Number of protein chains: 2
Amino acid sequence: MAEGGHQGTPGSEGLLFLTDEQLRKGIEAMFFAYRGFTADPDRILEQHGYGRAHHRAIHFIHRSPGTTVNNLLSILGVTKQSLNRVLRTLIDDGLVESRVGKRDKRERHLFLTETGDALERELSDAQRERMRAAFRSVGPDAVVGFRQVLEAMMDPEMRRHFQTLKDSGQ
Amino acid sequence: MAEGGHQGTPGSEGLLFLTDEQLRKGIEAMFFAYRGFTADPDRILEQHGYGRAHHRAIHFIHRSPGTTVNNLLSILGVTKQSLNRVLRTLIDDGLVESRVGKRDKRERHLFLTETGDALERELSDAQRERMRAAFRSVGPDAVVGFRQVLEAMMDPEMRRHFQTLKDSGQ
DNA sequence: ATTATATGTCAGTCTTGTTGACTTTATCGG
DNA sequence: CCGATAAAGTCAACAAGACTGACATATAAT
């Protein structure tokens, strides 16, 4: 009778959380929640003439200052042509700086400028605020569960990126 | 000292789950997990020549058979021109049937055909399989937390749609 | 010296979203 | 019954953001 590692009501019924109906609710929860998740940044981005793609680039450059283009490509999972378009505008607009690598001069290391950092803060403040409110309203235990499920849903390579904090290098 | 309603370690520290760093992890978890969430259906859709927009329409018609176009519009949050494009192809391809309303003949009630249902099953089987594996690996308590956080992150109107099960009418 | 890597760019395509204008059909309120 | 409102559909134009394929340049590695 020893189950995986979690408890549940240890008696007979168990696994009621794995019914198709429960899974459907989980699927819809992801769909609707993701909309809320992006809603606030989307409004801000629109005012600045940017889109979600710019947000993603800004976010990960902020998280890992000095990251290379290739690194960013593998995190974002898009083509270099696609990334280059948004990176080009961010650099031209003075939000991102691209420095030639010292060890390997082929590489470009990406950094946010002061302006870029300001937009990053504006965006993440909004997004964090919503998440903070959600977290607070449900309590720390629910937050742990939230993170566990999300991590378990990721593709292995994305889980690697998620768990890896530092990866600059310069 | 009585806090909201959740416990945590009841001593002094509390609220460590609301730090900016924890929130950033939550944000990235959403980003990476959503990718995993859509990855399997995306592969299937590609084989059939459809996109995510078709999936969403199929999903919600399956969930609420007989739903009207307006209903679908408010759930999906897109313009009718945008929805009409995908609905048109689904109807032309014989996956969706559009029946004139009996009470109100202006309305069209949408249903999946057998073919449509088959594709729906193919898509949701794949998506459910991933979620089932995630749910199983973390246990029922984590799943409860997952759902609570997601629901708290939704916009109020989306939360309404999420909580509402039936809405056909015919 | 050749090959491989990192980056960037040009050109074209596709999906999915947007606005705005307009039509048809049907319901509803006076 | 008539005028206003509503539900659905359509046409046209446009934009963001993804894709492919081809090709260029600089640098590193063998």
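Each chain gets a letter, A, B and so on, in the order its sequence line appears, and its residues count up from 1. Hydrogens, waters and symmetry mates play no part in the numbers below; they use all other heavy atoms, side chains included. It should be emphasised that the depicted structure is a prediction, and the values quoted were computed from it without experimental measurement.
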In whole angstrom, give the distance that lies between atom [atom1] of [X] and atom [atom2] of [N].
X: Arg99(B); N: dA26(C); atom1: CZ; atom2: C1'; answer: 20 Å
X: Glu46(B); N: dT16(C); atom1: CD; atom2: P; answer: 11 Å
X: Leu73(B); N: dG17(C); atom1: CG; atom2: C1'; answer: 13 Å
X: Lys80(B); N: dT10(D); atom1: NZ; atom2: P; answer: 11 Å
X: Arg88(A); N: dC10(C); atom1: CZ; atom2: P; answer: 10 Å
X: Tyr50(B); N: dT15(C); atom1: OH; atom2: P; answer: 12 Å
X: His109(B); N: dA7(D); atom1: NE2; atom2: P; answer: 12 Å
X: Asn70(A); N: dA4(C); atom1: CG; atom2: C1'; answer: 13 Å

Does [X] put a side-chain nitrogen or oxygen below 4.0 Å from OP1 or OP2 of [N]?
X: Thr79(A); N: dA18(D); result: no
X: Asn84(A); N: dT7(C); result: no
X: His54(B); N: dT15(C); result: no
X: Arg85(B); N: dT18(C); result: no
X: Arg108(B); N: dA7(D); result: no

Shortest side-chain distance from Glu107(B), nucleotide among dA7(D), dA18(D), dT7(C): dA7(D)

Nearest-nucleotide pick for Val78(A), side chain only, options being dG17(D), dC19(D), dG8(C): dC19(D)

What about [X]: does its side chain form a donor-acceptor pair under 3.5 Å with the base of [N]?
X: Gln81(B); N: dG20(C); result: yes
X: Arg106(B); N: dA8(D); result: no
X: Lys105(B); N: dT25(C); result: no

Ionic contact status for Asp40(B) with Arg128(B), cut-off 4.0 Å: no

Note: Glu46(A)-Arg43(A) ion pair, threshold 4.0 Å (strictly below): no

Which residue lies more 5' along DNA chain D, comparing Asp104(A) with Gly49(A) via nearest heavy atoms: Gly49(A)

Upstream residue (5' side of DNA chain D) when Leu83(A) and Leu87(B) are each assigned their closest nucleotide: Leu87(B)

Check: His62(B) side chain, His59(B) main-chain N or O, donor-acceptor pair, under 3.5 Å: no

Donor-acceptor under 3.5 Å (Lys25(A) side chain, Phe162(B) main chain): yes

Ring-ring centroid check Phe31(A) Phe60(B), cutoff 6.0 Å: yes

